[in-house]
There are 2 protein chains.
Amino acid sequence: MLRLSKLTDYAVVVLVQLARGGAVQTAPGIACATAVPEPTVAKVLKILAATGLVTSLRGARGGYRLARPLAALPVAEVIAAVDGPIALTACVDVSPVACEQQRSCPMSGRWLRVNEAIREALAGITLADMVGETGAEAARAAHPARLPQMTIEEAL
Amino acid sequence: MLRLSKLTDYAVVVLVQLARGGAVQTAPGIACATAVPEPTVAKVLKILAATGLVTSLRGARGGYRLARPLAALPVAEVIAAVDGPIALTACVDVSPVACEQQRSCPMSGRWLRVNEAIREALAGITLADMVGETGAEAARAAHPARLPQMTIEEAL
DNA sequence: ATATAAGAGGACCGGATAAGTCCTGATACT
DNA sequence: AGTATCAGGACTTATCCGGTCCTCTTATAT
């Protein structure tokens, strides 16, 4: 399915909310504004802070703030921050011995190119791009309520 | 991680082997040639046959044959055949009600564009491309033995 | 006609991995 | 000093994938 984790989805939601609010916002506040469960929001924010996509302010009146504007934030970075580096797990945890037995492992390094293509595609889209697109679509659905999985069916 | 399933990896190996052998090959034969466990090869072949990427011949002296040359087989199709349509599972099994509660779901349809970008990237690479690349790399590693996960580290 | 080789199609079990929750500690504002 | 907030980890649960096996159908060969 080539799917990315739900956490990544949440991360985008959270980041967009941060951009919308503008100033410093607390985790509970963002949870309230986005309907994402609060512990999950906190988790996501910690991860994003650890990777530098948001900056944190501790103490009373603390919270989180975007480190960069959405326009300077490629999706690839968000995915990499939450799910780890973008990689199509090919050839992992396979003992080299098992491979040498064959005349020539027909897979060595094959996926690098594919991986690179995906990486570039994701690097070229910023969160601002994603937000902009929905604005255009808002016309055909007043209260959109996440598209069920029309996305999936029409994907390919 | 944006990872694709191991089955997809196997599918590519199997398809390449099919192309290499040329004629009709049986599942056990391919398993033997690729070191992929036989039941798994059989499973992959069934899936590929069901989606028309390979054609099957039943009965004694039966086996599998490539339906198309590798050059006409984009990676996207293989992935779609094995893992299902390419989709970044966003907005799945979330009750619409929970979403309407919010002022406006900031996620509706957001991932479509990203999804499309990936789809295009994968549609542009054929299995022949993947095979060709490795041929070029064969020089720097005599018996390659699948690159561990250098792939992952360097990915982003 | 019968035996045999091969694929078709499903059911099943086990293991890995993500999702989500909670707890404890550190820090800074009031 | 007190309180609000983030930091960081541990833990539980659930889901999904990987892998195996069994049975049925089909077609060739003897």
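Residue numbering restarts at 1 for every chain, and letters A, B, ... go by the order of the sequence lines.
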Keeping to residues at least two apart or across chains, list the side-chain hydrogen bond (donor to acceptor under 3.5 Å, both in side chains) pairs with something in residues 39-52 of chain B.
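Residue pairs passing side-chain hydrogen bond (donor to acceptor under 3.5 Å, both in side chains), neighbours aside: none found.
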Restricting to pairs with a member in residues 62-73 of chain B, which pass side-chain hydrogen bond (donor to acceptor under 3.5 Å, both in side chains), not counting sequence neighbours?
B/R68-B/E77
If you group Ile, Leu, Val, Met, Phe, Trp and Tyr by side-chain heavy-atom gaps below 4.5 Å, do B/L7 and B/I79 land in one group?
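Per the 4.5 Å side-chain linkage, B/L7 and B/I79 are co-clustered.
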Contacts of A/P69 meeting side-chain contact (heavy atoms from CB on, under 4.5 Å) (sequence neighbours excluded), chain-then-number -> A/A72
Would you kindly give the [atom1]-to-[atom2] distance between [X] and [N], to the nearest whole Å?
X	N	atom1	atom2	value
A/K6	C/dT17	NZ	P	18 Å
B/D83	D/dG18	CG	C1'	12 Å
A/Y10	C/dT21	OH	C1'	13 Å
A/I47	D/dG8	CD1	C1'	11 Å
A/E38	C/dC23	CD	P	13 Å

Using OP1 and OP2 only, check whether a side-chain N or O of A/T40 sits under 4.0 Å from C/dT21.
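Result: yes.
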Listed pairs under 3.5 Å, donor-acceptor, residues 22-31 of chain A side chains, sequence neighbours left out:
| residue | atom | partner | partner atom | Å |
| --- | --- | --- | --- | --- |
| A/Q25 | OE1 | A/Q17 | NE2 | 3.2 |
| A/Q25 | NE2 | A/Q17 | O | 3.3 |
| A/Q25 | NE2 | A/L18 | O | 3.2 |
| A/T26 | OG1 | A/G29 | N | 3.1 |

Option among B/L127, B/V44, B/V131 that satisfies the side chain to side chain contact (heavy atoms under 4.5 Å, CB included) test with B/L15
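Checked B/L127, B/V44, B/V131 against B/L15; only one passes side chain to side chain contact (heavy atoms under 4.5 Å, CB included): B/L127.
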For the side chain of A/L7, counting heavy atoms from C-beta on, which of C/dT21, C/dG20, D/dG19 is nearest?
C/dG20
When every nucleotide of nucleotides 4-13 of chain C is labelled 5' to 3' by its protein contacts under 4.0 Å (heavy atoms), B for base, S for sugar-phosphate only, - for none, what sequence of letters results?
-BSBBB----
